[in-house]
Colleague: 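Supplied in structure tokens, the structure appears directly below.
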2 protein chains.
Amino acid sequence: MGPEKNKVRKQRRVAETPAALTLADVARAADVSEITVSRILRNVGPISETTRRRVLDAVDQTGYVRNQIAGTLASATSNLIGVVIPSLSNIVFADVLRGIDAGLEPSGFRPVVGITDYKADAEEKLVTSLLAWKPAAIIIVGFDHTDITRRRLKQSRIRVVELMDIDSEPIDLAVGMSHRAAGLATGRHLIGRGYRRFGYVGHDWTTDRRARLRWDGLVQALEEAGLELVDQRLHGGPSSTQAGREALATLLQGAKHPDVVVFSNDDMAVGGVFHCIAEGIVLKRDLALFGFNGLDVGQALPKPLSTVRSNRFRIGKIAVEQILLRPERNGTPETINTGFEIVPGETA
Amino acid sequence: MGPEKNKVRKQRRVAETPAALTLADVARAADVSEITVSRILRNVGPISETTRRRVLDAVDQTGYVRNQIAGTLASATSNLIGVVIPSLSNIVFADVLRGIDAGLEPSGFRPVVGITDYKADAEEKLVTSLLAWKPAAIIIVGFDHTDITRRRLKQSRIRVVELMDIDSEPIDLAVGMSHRAAGLATGRHLIGRGYRRFGYVGHDWTTDRRARLRWDGLVQALEEAGLELVDQRLHGGPSSTQAGREALATLLQGAKHPDVVVFSNDDMAVGGVFHCIAEGIVLKRDLALFGFNGLDVGQALPKPLSTVRSNRFRIGKIAVEQILLRPERNGTPETINTGFEIVPGETA
DNA sequence: TTCGTGCATGACAGCGCTGTCATTATATGT
DNA sequence: ACATATAATGACAGCGCTGTCATGCACGAA
């Protein structure tokens with residue numbers, strides 16, 4: 001007969017529809033205790049092959065689906081990862097999210113995402129609401145948090161990974177590249193290729209601190225060579241192909257005649273390329289263009305865009321791998337540099 | 001003195017670090033019962049203004065963060081939404097996810113996402129693992145599910161929204177557009193503009209059923225006019241700008257000389273535009289190109305791409321709004337058509 | 001005064017699972 | 001044969017919250 005459960009369910013709160021399946025139902029069906037089913041589903045403890053099979057059959061037949069909510073509460077260890085990104089309009093963050101998902105894939109962890117739209121107060125609310133799900137870790141883009149956000153993250157005692165950027169001190173772990181160094185490398189590379197009259201076309205710095213850091217690096221490289229930007233245009237909104245196109249057009253209307261224009265990123269630079277094509281400006285001969293990110297679209301252009309490859313996918317993946325490797329926070333903040341590469345291309 | 005709690009914590013399982021804050025801690029600090037704090041944080045029931053303020057102060061001072069896991073378990077109503085998409089490499093799905101997030105924004109719900117990589121078995125595992133979080137609803141792209149996936153979703157009794165496509169019978173709710181109709185409209189539009197020699201450049205149909213549906217519609221339009229495709233090329237992998245560029249190149253090497261080429265989507269079409277620019281083929285005069293999706297990059301091209309606008313963002317947003325509007329599944333499957341618009345552009 | 005009536009608050013049990021500590025059967029060494 | 005280790009299973013309480021029902025109290029009508 002087996003161990004008959006006499007722990008009868010104490011009358012349901014509501015007279016529900018078919019009453020969701022629980023571990024107890026499976027246990028009854030397989031004639032074992034709940035805990036045995038639980039252990040089998042989690043692959044812990046010693047279980048005989050016969051009961052394992054019997055229980056798994058029962059699971060299949062009943063169509064039982066684990067309740068991670070209850071499991072997480074009982075074990076105080078969650079399989080959720082909070083992910084905070086500024087936007088999804090920019091493929092860059094979609095790439096990061098891809099990397100995160102790819103890294104998570106074999107682990108059974110799931111990302112819970114939130115989008116801040118580049119707003120610090122939205123980020124603050126988001127972080128709070130994500131922490132309420134007791135995630136195993138929080139992955140967040142950048143270092144630009146409000147004090148409250150930073151305090152909450154610090155106090156949470158879970159792992160916190162700040163992505164993309166490594167030019168500041170992280171709360172726990174930073175994974176990314178130095179944007180200042182990328183700007184510097186860009187400048188030196190282009191100076192080495194003989195360019196002297198540098199123009200710059202960018203987008204809103206207040207929301208994209210990393211673009212600003214690259215600009216800093218670029219300007220520093222120019223200074224090293226006794227040069228300075230001959231002209232620049234800053235588009236007030238987020239980066240886009242259209243904005244890049246228009247901004248280059250106005251830049252070229254000026255009297256400064258740059259021989260190379262560095263863009264805040266590839267989206268903007270591709271717009272610049274389109275402008276040149278439309279105006280019959282021959283790239284590299286008449287004007288050189290340089291981007292940042294190494295997006296596919298830039299590499300598929302008639303002439304592949306000269307740019308810097310930022311390894312977004314890898315950044316997301318490594319962030320996750322680090323979390324899985326060391327699920328506990330470890331006192332001292334750490335930084336992982338995923339580097340970047342100059343992509344010579346044919347536009348500069 | 002207030003109601004002293006004598007329900008002393010029954011010795012913690014482990015001698016933990018600072019012991020996470022609970023409702024009880026806040027309750028003690030504010031000298032009220034746990035349930036009162038709970039009610040205040042959830043904005044339910046009548047609460048006097050004085051206690052509300054006192055409790056909220058206590059929350060601030062202690063830095064208490066709600067435990068949604070426990071709350072969800074106790075109330076059996078979750079604030080999570082499962083989201084299943086095939087890919088994030090394609091901006092199209094990022095747009096959908098943006099729409100979902102935007103629709104969720106005011107509600108406190110959070111999306112838990114999973115990426116299938118266009119694999120049905122990955123989708124099956126994902127759906128199971130998402131259901132384990134007892135989400136309020138599942139949003140999933142397309143109708144191509146395994147039988148098991150479909151059964152699980154049906155049995156879950158939560159709301160299930162299938163996105164993008166409305167050319168099949170949904171499990172619960174479908175939000176999207178008819179891709180067959182879009183193909184048909186494309187064909188009729190181009191025939192109306194005088195084109196007769198149609199070429200087609202596409203990508204892998206086995207993973208993208210919607211592209212196939214558009215092709216069907218296009219061919220049907222041609223049949224109506226007594227025409228047929230003069231030539232086509234199918235790239236074996238996922239759509240990409242590079243693939244579109246290469247596929248158009250080989251198509252044009254053939255002897256069929258189309259006067260218009262319809263692409264499976266904008267990514268592919270943009271590649272086609274790049275090929276034409278590189279080869280000095282004047283768009284529309286020498287060859288017309290037509291895409292699908294209405295991506296920004298296509299509209300920023302030297303000549304804006306002729307295409308069809310699919311309202312991805314809106315699809316995601318409406319899906320969420322429907323869920324919030326009617327959180328309970330309602331027997332009969334339903335379909336919401338978000339439509340599409342021909343974007344004339346300058347390439348066809 | 002007495003009795004509703006509505007507001008504000010609290011006690012209590014239980015959501016479905018898992019950590020911990022038994023308990024029982026089976027194998028091993030001497 | 002006996003003690004001892006090991007494998008397999010189970011009982012029980014509790015994770016932190018919320019639904020339900022009860023209670024205390026002020027206030028106006030009768």
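Chain naming here is simple, since letters A, B, ... match the order of the sequence lines and numbering starts at 1 in each. Excluded from the calculations below are hydrogen atoms, water molecules and symmetry mates; all remaining heavy atoms, backbone and side chain alike, are included.
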Colleague: Whether B:Tyr64 contacts D:dG16 is assessed here as follows: a side-chain N or O lying under 4.0 Å from the phosphate OP1 or OP2. Is that the case?
Modeller: no
Colleague: Please confirm whether the shortest side-chain N or O distance from A:Ser48 to OP1 or OP2 of D:dT9 is below 4.0 Å.
Modeller: yes
Colleague: A quick test of your reading: do over 12 heavy atoms of other residues, nucleotides or ligands sit less than 6.0 Å from CD of B:Glu49?
Modeller: yes
Colleague: To the nearest Å, give me how far apart CG (B:Asn43) and C1' (D:dT18) are.
Modeller: 15 Å
Colleague: Which part of the nucleic acid, if any, lies within contact of B:Thr51, taking any heavy atom under 4.0 Å across all strands shown: a base, the sugar-phosphate backbone alone, or nothing?
Modeller: sugar-phosphate
Colleague: Between C1' on D:dC15 and CD on A:Glu34, what's the gap in Å once rounded to a whole number?
Modeller: 15 Å
Colleague: Tell me if a side-chain donor or acceptor on A:Asn79 pairs with a main-chain N or O of A:Phe109 at a distance below 3.5 Å.
Modeller: no
Colleague: Is the shortest side-chain N/O distance from B:Arg52 to OP1 or OP2 of C:dT9 below 4.0 Å?
Modeller: no
Colleague: Within less than 4.0 Å of OP1 or OP2 of C:dC17, is there a side-chain N or O belonging to A:Ser38?
Modeller: no
Colleague: For A:Arg329 and A:Lys154, work out which heavy atoms get closest and say how close.
Modeller: NH1-O, 3.0 Å
Colleague: Is there a side-chain contact between B:Ser75 and the phosphate of D:dT18, meaning an N or O under 4.0 Å from OP1 or OP2?
Modeller: no
Colleague: How would you label the contact of A:Ile69 with the nucleic acid (heavy atoms, under 4.0 Å): base, sugar-phosphate, or nothing?
Modeller: nothing
Colleague: Can you measure B:Leu41 atom CG to D:dG19 atom P for me and round it to whole angstrom units?
Modeller: 13 Å
Colleague: May I ask you to test the A:Glu123-A:Thr146 pair for a side-chain heavy-atom distance under 4.5 Å?
Modeller: no
Colleague: Round to the nearest Å and state the distance from B:Trp133 atom CH2 to C:dC17 atom P.
Modeller: 13 Å
Colleague: Is B:Arg66 near enough to D:dT18 that one of its side-chain N or O atoms lies under 4.0 angstrom from OP1 or OP2?
Modeller: yes
Colleague: Provide, to the nearest angstrom, the distance between the CD1 atom belonging to B:Ile47 and the C1' atom belonging to C:dG6.
Modeller: 15 Å
Colleague: In whole Å, what is the span from the CD1 atom of A:Ile35 to the P atom of D:dG14?
Modeller: 15 Å
Colleague: Would you mind telling me which residue lines up with the more 5' stretch of DNA chain D, A:Ala70 or A:Gly45, judged by nearest nucleotide?
Modeller: A:Gly45
Colleague: Tell me: CG of A:Leu21 to P of C:dC17, nearest whole Å?
Modeller: 10 Å
Colleague: For B:Arg39, which contact category applies under a 4.0 Å heavy-atom criterion: base, sugar-phosphate, or nothing?
Modeller: base
Colleague: Counting heavy atoms from C-beta on, name the nucleotide in C:dT9, C:dC17, D:dG10 closest to the side chain of A:Thr36.
Modeller: D:dG10
Colleague: Going through the checks in order, is the side-chain contact (heavy atoms from CB on, under 4.5 Å) test met by A:Leu21 and A:Val65?
Modeller: CA-CA 7 Å; A:Leu21 286 167; A:Val65 178; over 6 Å; no
Colleague: Does D:dT9 have OP1 or OP2 sitting under 4.0 Å from an N or O in the side chain of A:Arg54?
Modeller: no
Colleague: Tell me what B:Leu73 touches on the nucleic acid: a base, only sugar-phosphate, or nothing, going by heavy atoms under 4.0 Å.
Modeller: base
Colleague: Can you tell if the side chain of A:Arg52 reaches within under 4.5 Å of the side chain of A:Asn43, non-hydrogen atoms only?
Modeller: yes
Colleague: Quick one: B:Asp31 CG to C:dA8 P, roughly how many Å, whole number?
Modeller: 18 Å
